[in-house]
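What follows is a set of notes on a single structure, which appears directly below.
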Amino acid sequence: MAGTIPPGSGSGSAPRRRFRAWLLEGLADRAKQLPGPHAEPADGHRRHSWWRVMCLTGVDYFSTLGYQPGIAALAAGALSPVATLVLVVVTLLGALPVYRRVAEESPHGQGSIAMLERLLSFWQGKLFVLVLLGFAATDFLITITLSAADATAHLVENPHLSDALHGRQVLITLILIALLGAVFLKGFTEAVGIAVVIVAVYLALNVVVVAVGLWHVFTEPQVVSDWTGALTAEHGSPLAMVGVALLVFPKLALGLSGFETGVAVMPHVEGAPGDSPERPKGRIRGTKKLLTTAALIMSVFLITSSVVTTFLIPEKAFEPGGEANGRALAYISHEYLGDGFGSLYDASTIVILWFAGASALAGLLNLMPRYLPRYGMAPHWARAVRPMVLVFTAIAFLVTWIFDADVDAQGGAYATGVLVLITSAAIAVTIAAHRAGQRGWTAAFGLISAIFLYTTGDNIVERPDGVKIGACFIGGIIAVSLLSRLRRAFELRVTSVMLDPLAERFVRDIAHRRIRFIANKPEERDAAEYRDKLHQIRSDNDIPPEDDLIFVEVTVRDPSEFESELRVTGQVLHGRYRVLTLESATIANALAAFLLHVRDTTGQRPHIYFEWTEGGPLRHFVKFFLFGTGEVAPVTREVLREAEPDRAHRPRVHVG
C-alpha cells in the first residue's frame with residue numbers, strides 16, 4: 001500500500017505558505033515604522049528641512065488646485081472670488097493658528113486626535129476617538145477617490161485623448177486606484193525628493209497659467225465689467241454679496257484640506273541640536289514655518305485662480321459634463337497657452353493628484369495602528385500593511401462605483417471629513433489654552449471653534465453624503481473594534497511587570513518553598529478583613545498553618561485600556577500581613593501576568609487562591625469586558641491557559 005502523504009505537504013501548500021508570509025509580512029505593531037509620507041522615521045533616519053517636508057504635505061494640499069477653483073465656481077457662481085476670499089481669511093486667521101498650536105501640543109505627528117484622547121478617559125474617550133477615526137478615514141479615503149477621479153477628468157478632457165477615453169471615467173479611476181494599491185503591496189518608499197520635484201513643477205506651471213490668465217483679465221476690460229454687472233444683477237449691494245459669500249463658504253471647505261496632513265508629517269522635519277524627545281523645539285518651529293508658508297502659498301493661488309477661472313471661463317463650462325468641470329485651470333491652460341502646454345499641465349496635475357492619493361493611503365495605514373492596536377480593537381492581521389492595503393483599496397473601489405467617479409458628488413463627503421477634523425482640532429486647542437490659563441487664546445480659539453462648528457453643521461445639512469459615509473466608517477470601525485476586543489479579551493495584555501524592592505523581597509523570601517498567593521478584593525483593609533480572609537482560604541483549601549500566604553490586590557484604574565505596564569508594590573499591613581498591590585485595566589489579566597512573572601523569576605509554579613463570586617456568568621463577563629472585574633477566578637485561569645498551553649508549567653488556580 002502506498003504511503004500516505006502528510007497533511008500540508010501537497011504541491012499547493014508551499015505557495016500558499018509563501019503567499020501568507022508575504023501578505024502578513026510585518027505583522028508586529030508597526031504604527032511608527034509603516035512606509036509612506038506619514039510614517040515616523042526610525043532612529044537614525046534622515047530628516048529634512050521644513051520646506052522640503054512642506055512639499056511632502058503639499059502633494060495633498062496643493063493638489064486641490066486641480067479641482068478647487070471649479071468647485072468654487074460651481075458653488076458660488078460669479079461670487080466665487082469673494083467666497084474664496086472668505087475661505088482665505090478663515091485659513092489664515094482660523095485654521096493656521098489652530099494647527100500651529102496643535103504642532104506645539106503634539107510634536108510627534110499624532111495630531112488633534114491624540115490631544116483629545118489625552119483629555120478624555122474611560123470608554124467614552126475610546127468611543128470618541130473611534131468616531132474621529134471614522135471621519136479621518138472619510139477624509140483620507142475620499143482624498144484617494146476624489147483625486148483619482150479628478151486625475152481621470154484631466155485625462156478624459158484632454159483634446160488628444162477625449163475621443164478614446166470618453167465614457168470610461170469609472171474604469172480609468174479604478175485602474176488608477178488599483179495602481180496605487182499595487183505600489184503599496186510592493187512596498188512604498190517615502191521619497192521627499194520626489195515630492196519636491198512634483199510640487200515644484202506643478203506650482204511653476206500654475207504660476208504660468210495664473211499669470212497668463214490675470215494678464216488676459218487686465219487687458220480685456222469687458223471681462224471685469226461683465227463680472228461686476230453679473231454680481232450687481234444677482235446680489236444687489238456689496239453687503240448682500242458678503243452675506244451670500246459667508247453662506248456659500250462651507251461648500252469651499254476643500255481648500256482647508258492640508259492642515260491635518262501638515263502636522264502628520266512633523267516627524268520628518270529636521271530639528272535643532274538641542275531638541276529633546278519630549279520637547280523638540282526646533283521641529284516645532286520648522287513645522288510652524290511649514291504650515292504658515294503652505295497656507296500663504298495656497299491662499300495666493302486660491303484667490304488668483306478663482307479670479308482667473310471666474311472671469312475667463314463661461315459659467316456653463318463648470319457644470320457637470322462641461323469642459324471645465326473639475327479642471328478649471330487646465331481649461332485655462334489649453335484655451336490660452338495651447339494644447340501642448342495644456343497637455344503638460346494635465347500630466348503634472350495627474351501626477352500630483354495620484355501622489356496625493358498615495359499620501360492619503362499612507363496616512364490611513366499609519367493612523368489606524370496608532371490607536372486601534374493599543375485599544376485591543378484591531379485583529380492581528382490589521383497590523384500588517386498588505387491586508388489593510390487590500391481592504392482600503394476595495395473600499396475605494398466601492399466609493400468610486402457609488403459616486404460614479406464624479407468629483408462634484410464626492411466634494412461633500414471630502415469637505416465633511418476635513419471640517420470635522422479641523423473642528424476637533426479647534427476644540428482641542430481651546431481646551432488646551434483654557435487649561436494653561438490663557439484667557440485671550442481661549443476666547444480666540446473658542447470663536448474659531450464656533451466658526452468651524454457652524455461650517456461643519458451647514459456642510460452636513462447641505463450635503464449629507466459626507467456624514468453618511470462617515471457614519472458608515474464609524475459604524476464599521478466600532479463594530480470591528482468591539483469584536484476584536486471581545487476576541488482578544490483573554491490575552492495577557494501586560495507589556496512588562498516591575499516590582500518595587502519590598503515586593504521583590506516578598507517573592508525572593510517565599511521562592512524556596514511552595515509559593516501561595518491569596519487574591520483579595522480590597523474593601524476596608526482593616527486587620528479583621530485580612531484575618532478572616534486568611535482563615536477562610538486555609539479552611540477551604542486545607543493549607544497547613546505553617547505555609548506562607550501573601551495577599552495580592554488589584555486596583556482597576558481605566559478598564560477601557562488594553563495593553564499596559566504592571567507595577568507591583570509591596571506592603572506590610574497591621575504589622576503581620578504581607579500585601580502586594582497591583583494597578584491594571586483588568587484584575588484577571590494582571591494576576592495572570594504577575595503569576596507568570598513569578599514563575600519565570602523563581603523557577604517555581606505559584607499557586608493562587610480565590611473565592612467564588614455570586615451571580616450569573618453572562619453578567620460577570622459583561623462586567624469583566626467593560627469594567628475589568630466580574631468573576632475573576634475562571635477568567636484568570638483562561639488567560640493563563642492561553643498564555644501557557646503546557647499544563648505542567650502553568651501557574652495553579654484554586655477556587656473555594
Looking at every non-hydrogen atom in both residues, tell me the closest pair between Ala588 and Val635 and how far apart they are. CB-CG1, 3.5 Å
Polar contact flag, side-chain donor to acceptor under 3.5 angstrom, Arg531-Tyr577: no
Hey, are the side chains of Leu591 and Val632 touching, using non-hydrogen atoms and a 4.5 Å cut-off? yes
Would you call Asp500 and Arg567 a side-chain contact if the rule is heavy atoms closer than 4.5 Å? no
Between atom CG of Leu127 and atom CG of Leu133, what is the distance when rounded to the nearest 0.5 Å? 11.5 Å
Taking Pro107's backbone N and O only, do any of them form a donor-acceptor pair with Arg283's side chain (distance below 3.5 Å, no angle check)? yes
So, Phe517 versus Phe594, ring centres under 6.0 angstrom or not? yes
Please verify the inter-ring angle class for His654 with Tyr609; under 30° counts as parallel, over 60° as perpendicular, anything in between as tilted. parallel
How far apart are the closest heavy atoms of Val655 and Ala633, and which atoms are they? CG2-CB, 3.5 Å
Give the intermediate values and the outcome of side-chain hydrogen bond (donor to acceptor under 3.5 Å, both in side chains) for residues Gln536 and Asp532. CA-CA 6 Å; Gln536 185 68 44; Asp532 294 344; over 6 Å; no
So, do Val572 and Phe506 sit near enough that their side-chain heavy atoms are less than 4.5 Å apart? yes
I want to check something: taking the side chain as every heavy atom from C-beta on, are Leu492 and Leu596 in contact at a cut-off of under 4.5 Å? yes
Val579 vs Tyr530, test: side chain to side chain contact (heavy atoms under 4.5 Å, CB included). Steps then yes/no. CA-CA 10 Å; Val579 182; Tyr530 294 102; 3.9 Å; yes
If I take atom CD1 from residue Ile543 and atom NE2 from residue His535, how far apart are they, to the nearest 0.5 angstrom? 12.0 Å
Should Tyr99 and Lys288 count as side-chain neighbours, where that means a heavy-atom distance under 4.5 Å? no
I need the Glu553 CD to Ile587 CD1 distance, nearest 0.5 Å. 10.5 Å
For Ala103, does its backbone N or O pair with a side-chain atom of Ser106 as donor and acceptor, under 3.5 Å? no
In short, Leu132 meets Ser424 closest at the heavy-atom pair CD2-CB, 3.9 Å
Measure the spacing between OG1 of Thr138 and CD1 of Ile474 and express it to the nearest 0.5 Å. 6.5 Å
If we ignore hydrogens and angles and just use 3.5 Å, is the side chain of His574 paired with the main-chain N or O of Arg525 as donor and acceptor? yes
With the side chain counted from C-beta on, respond yes when Leu361 and Leu180 share a heavy-atom pair under 4.5 Å apart, and no when they do not. yes
Identify the two heavy atoms, one from Lys533 and one from Ala519, that lie closest to each other, and give their separation to 0.1 Å. CE-O, 3.5 Å
Evaluate the criterion salt bridge (charged side-chain N to carboxylate O under 4.0 Å, His left out) for residue pair Glu105 and Arg101; output intermediate values, then yes/no. CA-CA 6 Å; Glu105 300 285 342; Arg101 181 62 178 256; 3.1 Å; yes
Please report the C-alpha distance between Glu611 and Ile537 in whole Å, then the side-chain angles of each, then the deciding distance to 0.1 Å, and finally whether the side chain to side chain contact (heavy atoms under 4.5 Å, CB included) criterion is met. CA-CA 8 Å; Glu611 290 187 60; Ile537 293 297; 4.1 Å; yes
Side chains of Asp646 and His649, donor plus acceptor under 3.5 Å: yes
Under 3.5 Å, side chain of Arg650 to main-chain N/O of Glu644, donor-acceptor pair present? yes
Do Thr143 and Asp60 have side chains that approach each other closer than 4.5 Å (heavy atoms only, starting at C-beta)? yes
Salt bridge flag under 4.0 Å for residues Arg516 and Asp547: yes
Closest non-hydrogen atom pair between Ser449 and Ile427, with its separation: OG-N, 3.5 Å
Would you say Leu582 and Leu566 make side-chain contact, with heavy atoms under 4.5 Å? yes
Donor-acceptor pair, distance only, cut-off 3.5 Å: does the side chain of Thr602 make one with the backbone of Val598? yes
Assess whether side chain to side chain contact (heavy atoms under 4.5 Å, CB included) is satisfied between Asp139 and Phe135, documenting all intermediate values. CA-CA 6 Å; Asp139 179 10; Phe135 283 110; over 6 Å; no
Worked verdict on Leu549 versus Arg538 for side chain to side chain contact (heavy atoms under 4.5 Å, CB included): CA-CA 9 Å; Leu549 286 162; Arg538 288 189 186 277; 3.8 Å; yes
Would the distance check show the side chain of Glu529 and the main-chain N or O of Glu523 forming a donor-acceptor pair, the cut-off being under 3.5 Å? yes
Approximate separation, where rounding is to 0.5 Å, of Glu583 CD and Thr555 OG1: 6.0 Å
Atom CG of Leu595 and atom CD1 of Ile515: how far apart are they, to the nearest 0.5 Å? 9.5 Å
Closest heavy-atom pair, Ala272 versus Arg285, reported as atoms and distance to 0.1 Å, is CB-NH2, 3.8 Å
